[in-house]
Amino acid sequence: MEYVKSSGDSFADMQVNIGSLQLKNPVMTASGTFGYAREFENLMNLQRLGAVIVKGISLNPRPGNPPPRIVETSCGMLNAIGLQNVGVDRFIKEKMNYLAGLNVPVIVNILGDSIAEYEEITSRLQGVPGVAGIEVNISCPNVKKGGVAFGTDPKMAAAVTAAVKGKSTVPVMVKLSPNVSDIATIALAVEDAGADSVSLINTLIGMAVDLKTRRPALANIIGGLSGPAIKPVALRMVYEVAKKVSIPIIGVGGIETAEDALEFMLAGATAVQIGTANFVNPRASEDVVDGLAAYVVKEKLSSIRSMIGQLNLA
Amino acid sequence: MEYVKSSGDSFADMQVNIGSLQLKNPVMTASGTFGYAREFENLMNLQRLGAVIVKGISLNPRPGNPPPRIVETSCGMLNAIGLQNVGVDRFIKEKMNYLAGLNVPVIVNILGDSIAEYEEITSRLQGVPGVAGIEVNISCPNVKKGGVAFGTDPKMAAAVTAAVKGKSTVPVMVKLSPNVSDIATIALAVEDAGADSVSLINTLIGMAVDLKTRRPALANIIGGLSGPAIKPVALRMVYEVAKKVSIPIIGVGGIETAEDALEFMLAGATAVQIGTANFVNPRASEDVVDGLAAYVVKEKLSSIRSMIGQLNLA
Amino acid sequence: MSQYQENATVTRVEQLTEKNYRLTFESPLIAGVCKPGQFVMIRTSIGQDPLLRRPFSVHQVLGESQIQIYFKEVGRGTTLLAHAKVGDAYSIFGPLGRGFKINTGGPSILVGGGLGIAPLLLLLKENCRLKKTFDNDLVILGGRSRAEVEPLLEDFKQYGVTVRVATDDGSLGYQGYVTDILKASQVTGDSTVYGCGPELMLAGLAKICKEVGVACQVSVESVMACGMGACLGCSRPDKKGSYIHVCLNGPVFDAEKLEWNM
Amino acid sequence: MSQYQENATVTRVEQLTEKNYRLTFESPLIAGVCKPGQFVMIRTSIGQDPLLRRPFSVHQVLGESQIQIYFKEVGRGTTLLAHAKVGDAYSIFGPLGRGFKINTGGPSILVGGGLGIAPLLLLLKENCRLKKTFDNDLVILGGRSRAEVEPLLEDFKQYGVTVRVATDDGSLGYQGYVTDILKASQVTGDSTVYGCGPELMLAGLAKICKEVGVACQVSVESVMACGMGACLGCSRPDKKGSYIHVCLNGPVFDAEKLEWNM
Ligand SMILES: Cc1cc2nc3c(=O)[nH]c(=O)nc-3n(C[C@H](O)[C@H](O)[C@H](O)COP(=O)(O)OP(=O)(O)OC[C@H]3O[C@@H](n4cnc5c(N)ncnc54)[C@H](O)[C@@H]3O)c2cc1C
Ligand SMILES: Cc1cc2nc3c(=O)[nH]c(=O)nc-3n(C[C@H](O)[C@H](O)[C@H](O)COP(=O)(O)OP(=O)(O)OC[C@H]3O[C@@H](n4cnc5c(N)ncnc54)[C@H](O)[C@@H]3O)c2cc1C
Ligand SMILES: Cc1cc2nc3c(=O)[nH]c(=O)nc-3n(C[C@H](O)[C@H](O)[C@H](O)COP(=O)(O)O)c2cc1C
Ligand SMILES: Cc1cc2nc3c(=O)[nH]c(=O)nc-3n(C[C@H](O)[C@H](O)[C@H](O)COP(=O)(O)O)c2cc1C
Ligand code: FES
Ligand code: FES
């Protein structure tokens with residue numbers, strides 16, 4: 001039960017289940033937008049979160065791309081961070097201790113350029129205290145297949161999923177790429193391969209040009225588009241996937257407020273992730289928790305779960 | 001030569017060629033956002049346009065979707081007009097006279113739910129005075145193939161293109177759908193099938209939810225996302241396609257200003273289309289023409305063509 | 001048909017109730033040509049959020065060069081407008097759409113509910129200018145409570161036409177609906193009813209007028225992107241089972257031509 | 001390390017030149033903890049355009065509860081800020097980053113160019129508070145012309161430290177660069193140079209200080225999304241060939257740790 005700040009002494013049933021993972025509320029932070037959580041400790045109450053998803057971790061440390069790595073666009077931003085991270089071993093050694101102490105489920109976002117790499121990271125994360133789940137970022141290029149992203153091909157997506165599932169004792173959430181013709185097919189493929197849940201969407205591939213210098217605005221030329229601009233695409237994809245799969249869906253993309261989160265839940269999401277909004281308002285995720293709880297009370301819902309997939313199509 | 005309003009008695013070389021189609025400047029209006037041009041006659045000088053692209057025309061009249069058909073989103077909008085139009089025969093009879101009198105090339109956007117329908121519309125448009133080109137909207141569902149959009153499959157896209165080319169004596173521009181994993185492959189397929197140029201992008205598929213009613217905000221549930229929000233996706237796709245094809249590219253998506261248009265040209269576009277911006281500022285397309293001409297003069301360019309594909313990647 | 005896009009400067013800001021505002025713009029080109037029932041599209045932000053313009057009926061034309069809108073703060077665009085200050089400039093284009101066709105041959109009955117009152121003031125002015133006599137004319141204004149109607153009352157009364165008021169809570173005038181007042185009034189067959197207000201009120205008007213057999217023109221709303229017939233977004237089913245477009249074919253329609261959901 | 005997000009009310013607006021502004025905010029939580037060289041993230045719009053916050057150095061802390069920023073109007077965010085009015089509220093969070101480490105053991109030389117002057121005023125105040133003597137301290141302020149430097153001169157001079165000025169056009173002080181003045185000054189080995197300004201100026205400072213063998217701390221800029229180490233967007237190559245992050249590891253760095261492109 002979540003205490004409702006704004007409505008006196010009310011409590012709201014905010015619990016949701018992502019497969020075997022019980023969350024006290026449906027609000028997570030999106031990978032790459034919340035650091036390793038500690039960055040936000042002064043600006044919000046981390047304990048209020050349903051789950052924390054950390055910045056994507058690879059087997060070996062990655063330095064990331066040269067700057068400029070980010071550029072603002074209309075109601076959004078492009079990033080080409082280049083998956084900078086300290087690598088799985090240092091992550092476990094340097095970051096997990098603090099995270100485990102939060103008493104919030106920690107979901108580790110992982111990435112690789114081969115199936116073997118995904119498997120190896122997964123193995124190393126097993127048994128690490130605090131790791132409650134794994135989110136598989138399949139938007140990365142498969143180096144063995146000429147750099148085609150795992151997430152754009154149902155077979156490759158299924159193969160990564162099965163491989164990670166084979167090594168994992170904790171629930172596996174597969175994060176889908178929106179840069180595909182038919183996201184429901186990919187979702188079905190990863191469901192069949194054993195995914196416990198799917199999260200969507202990752203960023204749309206975009207680009208910006210600096211007219212003054214006549215150069216790409218990002219050193220990497222292309223980058224990932226996130227923020228309110230992409231919310232309609234994310235909502236549509238959640239809706240499409242919800243019609244096809246029966247595993248829980250976690251909605252991501254342009255969510256800033258509790259209203260946004262509720263819209264995703266109506267479209268079929270069991271939970272949501274807050275991404276770019278963390279930059280605009282470092283307390284955004286906590287504000288969404290507050291807003292959802294207030295909504296449950298105001299609308300006299302038996303629980304927040306009663307919103308899931310309840311879009312009225314009549 | 002385009003007279004430069006803002007810089008005294010200067011003239012700028014603004015001409016561009018889309019295959020055999022010579023345009024006095026690279027600014028067109030995007031299909032579905034400019035009616036049949038006449039709607040704007042009081043609010044701008046239609047003669048200033050490089051070309052007018054009219055609302056999509058089908059073989060038979062289509063009533064369109066029930067309301068609500070549009071909803072605003074962050075820096076964008078969703079539409080589900082449902083391709084309402086008067087059909088090719090009434091279009092020719094009722095609209096082309098006025099359009100032909102404008103002395104601006106008129107490009108007719110066409111759509112169908114079968115290849116035969118695309119062919120038939122094309123045939124009927126041949127020899128109609130004023131019709132300078134055909135833009136083929138391939139984002140429509142192919143009824144014979146279970147409703148998969150022509151534009152998401154290279155083979156179907158090529159087949160429509162070849163069919164229209166077979167019937168057309170005027171240049172054929174194929175308008176690509178962005179809702180695909182790999183737009184360059186589609187672009188190559190339509191180039192091989194004989195397209196004289198490609199325009200991109202059509203709208204991204206999106207959705208909005210009205211939390212108050214708990215219904216989709218559009219009666220059609222999903223709709224097409226347009227406006228500044230999608231500009232980074234459009235720019236990236238133009239850039240990707242420009243690397244692959246050698247036919248001219250027309251950039252569309254979120255263009256509001258001359259600066260936006262120049263960014264698309266740097267990324268590889270020979271010309272641009274102004275869409276949603278026409279609603280925000282009915283004089284937007286004329287303002288872009290003015291801005292481009294002023295830029296040519298200010299930057300002392302030999303012609304606007306010298307910007308095409310000149311993105312500095314060093 | 002003339003239409004203009006101008007950068008119009010705010011010359012007066014009036015907050016009439018907690019949420020209702022009236023703005024006066026110096027907008028000479030539009031002021032010179034607009035007719036009762038027509039509307040304008042106003043850009044409410046300097047940036048791209050909100051992106052689209054918002055439609056507002058022309059409430060009054062003042063002198064040669066000023067137009068007024070009367071609006072309620074309901075969302076992001078109207079909140080920005082509610083913060084307008086004298087001297088601020090807004091991009092406005094119009095006038096748009098088909099307005100009311102004033103029938104000078106019989107009594108006029110103007111019925112406005114809530115913000116639907118907005119276009120009726122200009123209509124009343126034109127009505128009184130064009131007609132020889134308006135002894136049998138009637139204005140019926142409705143709102144939720146006193147605050148919603150009272151601030152505009154004098155503006156209507158100045159034309160010398162009978163003005164009756166209905167409020168939901170009875171805090172001003174009759175307690176009930178404007179349609180109740182209409183029903184209770186003597187309406188001759190040569191009358192024309194002009195209505196603007198919530199959909200339900202208009203549907204009620206349409207029904208009464210059909211029964212009584214008098215002409216009824218109503219101004220309806222719709223979501224709009226362009227306001228000028230270019231986007232085909234503002235569709236509405238008509239009686240014949242096809243769609244009309246509010247911005248182009250309306251916003252004022254003969255009530256009998258529209259499909260009413262009651 | 002304390003950080004706060006507050007809704008800060010504007011208490012004073014100063015337009016110092018055509019494009020340069022100074023805003024004072026009532027921001028007690030941040031004012032209570034911020035150090036010279038640290039910065040804050042300010043939300044410039046109420047809507048989503050522009051979406052991201054903008055970083056600004058803390059220019060001064062006034063009394064117990066007020067902070068000041070000094071900025072130039074260069075784009076959409078700063079244009080919105082330039083239109084701020086007394087009483088407007090802005091969401092601010094901070095203080096962020098690592099500021100200057102004041103070396104109390106030797107002379108301080110503060111070098112600011114253009115908007116880089118902003119953080120130096122708070123630095124000078126702290127410098128003078130912490131040090132026993134500042135007879136040999138020096139402030140060098142540069143700008144394109146008189147207008148860019150003059151309005152801030154008195155604020156610096158009040159601390160009693162020697163202030164020298166360089167302008168590109170010679171309209172105030174020495175005609176040339178701040179680095180020219182630095183080169184011509186007596187700099188003892190125990191001095192610390194503190195710099196903030198355009199990249200080229202900082203690179204010049206770094207070079208001179210390396211040659212002369214004195215410590216040099218510089219405040220650098222970068223595009224930022226989060227300002228707090230969460231996005232990894234504000235990277236900058238360091239000497240060792242990897243990346244540092246301006247918001248977290250800086251914005252103030254030992255100049256010798258950074259990679260300079262001249
Ligand atoms: C032809 C025409 C003339 C109009 N004339 C007037 C007028 O004279 N005065 C006036 O106040 N309004 C008038 N309107 C309505 C006005 O355009 C809307 O109130 C305005 O667009 C809302 O913009 P927003 O950004 O504030 O609200 P949004 O942020 O777009 O919407 C906020 C919320 O308000 C709801 N909403 C939207 N429109 C209305 C509405 N009309 N009434 C109630 N809720 C609404 C939305 O569904 C949403 O839930 C007119 C509309 C049309 C089509
Ligand atoms: C740690 C830190 C502290 C800062 N402190 C200050 C300060 O005290 N005072 C101050 O005026 N600025 C300061 N800046 C710079 C300030 O953040 C930018 O000027 C601001 O973000 C521009 O926002 P905008 O929306 O107006 O411009 P945008 O619309 O984002 O950009 C408009 C144009 O200005 C260019 N531009 C962006 N930043 C700068 C810049 N710094 N200088 C010149 N051109 C730029 C862009 O490339 C673009 O061409 C600081 C930056 C950092 C990282
Ligand atoms: C700066 C940045 C870094 C990101 N890094 C990752 C990452 O490492 N792994 C991942 O799966 N997604 C990453 N994402 C994608 C987000 O998790 C999220 O899917 C996306 O931003 C859409 O949500 P939003 O619109 O709420 O930001 C990143 C996004 C941003 C903006
Ligand atoms: C209301 C509306 C109607 C549209 N109708 C068509 C159409 O009939 N045929 C077509 O090919 N594209 C249509 N489009 C897509 C536009 O032509 C354009 O590709 C898209 O809006 C992206 O450009 P923009 O962001 O500048 O609007 C329509 C777009 C809008 C907003
Ligand atoms: S609002 Fe665009 S056609 Fe009516
Ligand atoms: S701005 Fe986000 S990490 Fe520095």
Side-chain angles (χ1 to χ4, degrees), chain B residues 29-44 54-56 61-86 210 217-219 223 226-229 231 254 256-257 275-284 286-287, chain C residues 1-7 29-30 33 40-55 74-77 90-97 199 220-238 240-248 258-259 261:
Chain B
T29 54
S31 177
T33 66
F34 206 65
Y36 301 106
R38 189 168 202 161
E39 292 83 350
F40 289 76
E41 67 180 1
N42 290 307
L43 292 164
M44 64 170 287
V54 293
K55 172 75 190 158
R62 296 196 183 200
N65 287 328
R69 290 181 175 184
I70 48 179
V71 58
E72 197 179 37
T73 64
S74 296
C75 293
M77 63 177 279
L78 287 166
N79 86 78
I81 305 301
L83 301 167
Q84 176 186 343
N85 77 96
V86 295
D210 183 336
L218 298 173
S226 64
K231 188 183 134 192
E256 287 204 325
T257 64
T276 302
N278 293 313
F279 307 152
V280 180
N281 168 15
R283 208 159 40 204
E286 191 181 348
D287 287 351
Chain C
M1 196 171 62
S2 306
Q3 286 167 337
Y4 304 96
Q5 181 170 191
E6 11 188 15
N7 238 354
L29 298 173
I30 297 172
V33 294
V40 294
M41 294 290 282
I42 305 188
R43 193 159 176 182
T44 60
S45 67
I46 41 165
Q48 296 174 326
D49 178 48
L51 182 68
L52 300 173
R53 289 170 184 257
R54 300 294 190 253
V74 297
R76 295 178 316 134
Y90 287 85
S91 173
I92 306 188
F93 74 78
L96 298 158
E199 188 72 13
V220 298
E221 287 191 4
S222 165
V223 202
M224 291 189 177
C226 73
M228 52 192 278
C231 74
L232 306 182
C234 61
S235 58
R236 196 187 152 108
D238 71 5
K240 291 182 278 172
S242 70
Y243 295 113
I244 49 83
H245 293 284
V246 174
C247 74
L248 206 62
L258 298 178
E259 181 67 33
N261 302 315

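The chains referred to below are lettered A, B, ... by the order of the sequence lines, with proteins before strands, and numbering in each begins at 1. As a basis for the values below, the full set of heavy atoms in this structure was taken, side chains included, without hydrogen atoms, waters or symmetry mates.
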| note | So, the part of M41(C) with a heavy atom under 4.5 Å from chain B: the answer is neither
| task | May I ask you to decide if P228(B)'s main-chain N or O and Q48(C)'s side chain share a donor-acceptor pair within less than 3.5 Å? | result | no
| R53(C) versus chain B, heavy atoms under 4.5 Å apart: side chain, backbone, both or neither? | side chain
| remark: Applying a strict 4.5 Å limit to non-hydrogen atoms, the region of E256(B) in contact with chain C is side chain
| request: Rounded to the nearest 0.5 Å, what's the gap from SG on C247(C) to CD on E39(B)? Could you check? | output: 9.0 Å
| request: Using a cut-off of under 4.5 Å on heavy-atom pairs, state which of N278(B), T276(B), I70(B), V71(B) scores highest against chain C. | output: I70(B)
| Closest non-hydrogen atom pair, Y243(C) against G64(B) | CE1-O, 3.5 Å
| chain B contact via S235(C) - which portion, at a heavy-atom distance below 4.5 Å | both
| note | When every non-hydrogen atom of M77(B) is compared with those of A225(C), the smallest separation belongs to CE-CB, 3.9 Å
| query | Counting heavy atoms not belonging to L258(C), are there more than 12 under 6.0 Å from its CG? | reply | yes
| query | Going from CD on Q5(C) to CG on N281(B), what distance comes out if it is rounded to the nearest 0.5 angstrom? | reply | 4.5 Å
| field | Contacting region of T73(B) [heavy-atom separation from chain C under 4.5 Å] | value | neither
| request: Any chance you could measure L232(C), atom CG, to L83(B), atom CG, to the nearest 0.5 Å? | output: 10.5 Å
| Relative to chain B, which of C226(C), G233(C), P50(C) shows the most heavy atom pairs under 4.5 Å? | G233(C)
| field | Side chain to side chain, M228(C) and N42(B), heavy atoms closer than 4.5 Å | value | no
| message | Please classify the contact between R38(B) and chain C as side chain, backbone, both or neither, with a heavy-atom cut-off of under 4.5 Å. | response | neither
| Nearest heavy-atom neighbours spanning F279(B) and F93(C) | O-CE2, 4.3 Å
| query | If you count heavy-atom pairs under 4.5 Å between each of S91(C), G229(C), C231(C) and chain B, which one has the most? | reply | C231(C)
| Under 3.5 Å, is there a donor-acceptor pair between the side chain of E72(B) and the main chain of L51(C)? | yes
| field | Toward chain C, the part of Y36(B) with a non-hydrogen atom under 4.5 Å | value | neither
| Do S222(C) and R69(B) have side chains that get closer than 4.5 Å, going by heavy atoms? | no
| P237(C) side chain reached by P67(B) side chain, heavy atoms, under 4.5 Å | yes
| Which region of Y4(C), side chain (C-beta onward) or backbone (N, CA, C, O), has a non-hydrogen atom less than 4.5 Å from a non-hydrogen atom of chain B, or is it both or neither? | backbone
